[in-house]
2 protein chains.
Amino acid sequence: MNYNDKQLQIIDTAEGLFADKGFDGTSVRDIAEVAGINVAMISYYFGSKEKLMEALFEIKIERIKDRLESLLKDETLTPFQKVNIMIDEQIERMWSGQRFYKIMLCEQLIDTNPSITRKVSELKLRNAELVNKIVKDGQEKGVFKKEVDVVLMLNTMIGTSWQTLVSQDYYKNFSAEDMSLTDDAYKEQMKTKLSNHVKTLFKIILSYEA
Amino acid sequence: MNYNDKQLQIIDTAEGLFADKGFDGTSVRDIAEVAGINVAMISYYFGSKEKLMEALFEIKIERIKDRLESLLKDETLTPFQKVNIMIDEQIERMWSGQRFYKIMLCEQLIDTNPSITRKVSELKLRNAELVNKIVKDGQEKGVFKKEVDVVLMLNTMIGTSWQTLVSQDYYKNFSAEDMSLTDDAYKEQMKTKLSNHVKTLFKIILSYEA
DNA sequence: GTTTTAATTAAACGATTGTTTAATTTTGTG
DNA sequence: CACAAAATTAAACAATCGTTTAATTAAAAC
């Protein structure tokens, strides 16, 4: 499906509101007002509020799909390099696209729209299979250990990253850290720490114990 | 606040519906119908739908609070034992109380009710401080290493557990596992695997490298 | 320039939302 | 039993929901 500029602008507006107030908490009039358009345009372009949501998922998931694909093919990278790059890209994707990730997580929890459930399910399985290939490759090359639970490993990457992103505000005042940091600098520091943390965990999960 | 049987029954019904359809996706008439009461009873007992939600959080969070408290005090346990028990209890709590955890996570994401946001925030900070005490104790006793990022560690525990719980259906057919398992047996197996996984990660995070 | 198509609008639609009212029934108390 | 308090009810409330209609404007095609 192809969308024109106006449609993309509506989708973008909807993304922001869905992330802030949830799908059911956002009215089509909210979207229309923020986007500066007439309410009827939403039905006109998308058919319904549900289908507007589906269009959002279609676009975003398509974009996510493409990125991981190319990583697997790269022959110049070692399995460990691939895994580390995957971690960094995952974190980067979550931070920059946190509005959509919020919506996606909510949708996984609530689970009302079958079309979206299917899209998310396919994406997750696909990712797991791609990572499984990397792991299998590493095992054959003798750098990864034999028994690796790929699903649990991915759950650690995604879960830890997500948990860190969602609750970073809660813990801002927890650690007696350098308070002179700006908000942006704080976030960047958090991302770096998280990246190293997950990489360390993955090294343990994947490589032979000392 | 104390609630009578009827109020508790309404709260319990609401919990189920909120978990399935979300707060905004659930109408007071839905709740009334499932609970087998008149719609007006919700306003009569709780004042509003929002306050019904707050009552749910009040009850549930109170219960969660109490459990962790006693663990810290136990003098007969080593720091490592405490951590491992914490992991198992956390997983057990998530699995048995997944309806509420769903709602709580959604509420963290959407963040509209200040009263609830405060309650959740307090709970999280409290937990982090309790765990921090355990870690400090272990460091003083020389069994935990010096540099431990407690927040990241907790994010790994909660994030990994939650991610596993939420997406266990997606991956049911992923691993070429023993298919003869019943659903309940599968879930129990999943919990055991998860528990061992997180414990392994924590051992790495907390103890000196070899 | 005229015709056709697409875009945009305000208004109305019926359904559903959370809450309140006022009447009635049930329960507890003396 | 009589009285007061609590519980429960059906009905009504105004507000908002997503969507549709029918009319109008803008753009594209011939």
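Just so you know, these numbers use all the heavy atoms, side chains as well, and skip hydrogens, waters and symmetry mates. Below, chain A is the first sequence line, B the second, and so on; all start at residue 1. Everything numeric here is computed off the predicted structure, so don't read it as measured data.
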So what does B/Phe46 hit on the nucleic acid, given a heavy-atom distance under 4.0 Å: a base, only sugar-phosphate, or nothing?
nothing
When we call it a touch if two heavy atoms are under 4.0 Å apart, what does B/Ser27 touch: a base, just sugar-phosphate, or nothing?
sugar-phosphate
So which one's nearest nucleotide on DNA chain D is more toward 5', A/Gly25 or B/Ala40?
B/Ala40
Whole angstrom is fine here: how far is it from [atom1] in [X] over to [atom2] in [N]?
X: A/Tyr45; N: C/dT8; atom1: OH; atom2: P; value: 5 Å
X: B/Glu33; N: C/dT17; atom1: CD; atom2: P; value: 11 Å
X: B/Arg29; N: C/dA15; atom1: CZ; atom2: P; value: 14 Å
X: A/Asp24; N: C/dG18; atom1: CG; atom2: P; value: 11 Å
X: B/Asn4; N: C/dT27; atom1: CG; atom2: P; value: 14 Å
X: A/Asn38; N: D/dA22; atom1: CG; atom2: P; value: 16 Å

Counting C-beta onward and ignoring hydrogens, is there a side-chain heavy-atom pair between B/Met157 and B/Met153 closer than 4.5 Å?
no
Non-hydrogen side-chain atoms of A/Phe80 and A/Phe202 separated by less than 4.5 Å:
no
I want to check one thing: is the phosphate of [N], taken as OP1 and OP2, less than 4.0 Å away from some side-chain N or O of [X]?
X: B/Tyr44; N: D/dT8; answer: no
X: B/Lys6; N: D/dT8; answer: yes
X: A/Lys49; N: D/dC17; answer: no

Pair B/Phe57 + B/Phe100: ring centers closer than 6.0 Å:
yes
Counting heavy atoms from C-beta on, name the nucleotide in D/dT20, C/dA12, C/dT19 closest to the side chain of A/Ser43.
D/dT20
Nearest-nucleotide pick for A/Val39, side chain only, options being C/dA7, D/dT19, D/dT8:
D/dT19
Evaluate the ring planes of A/Phe18 and A/Phe23, with Trp represented by its six-membered ring, and classify them as parallel (under 30°), tilted (30 to 60°) or perpendicular (over 60°).
tilted
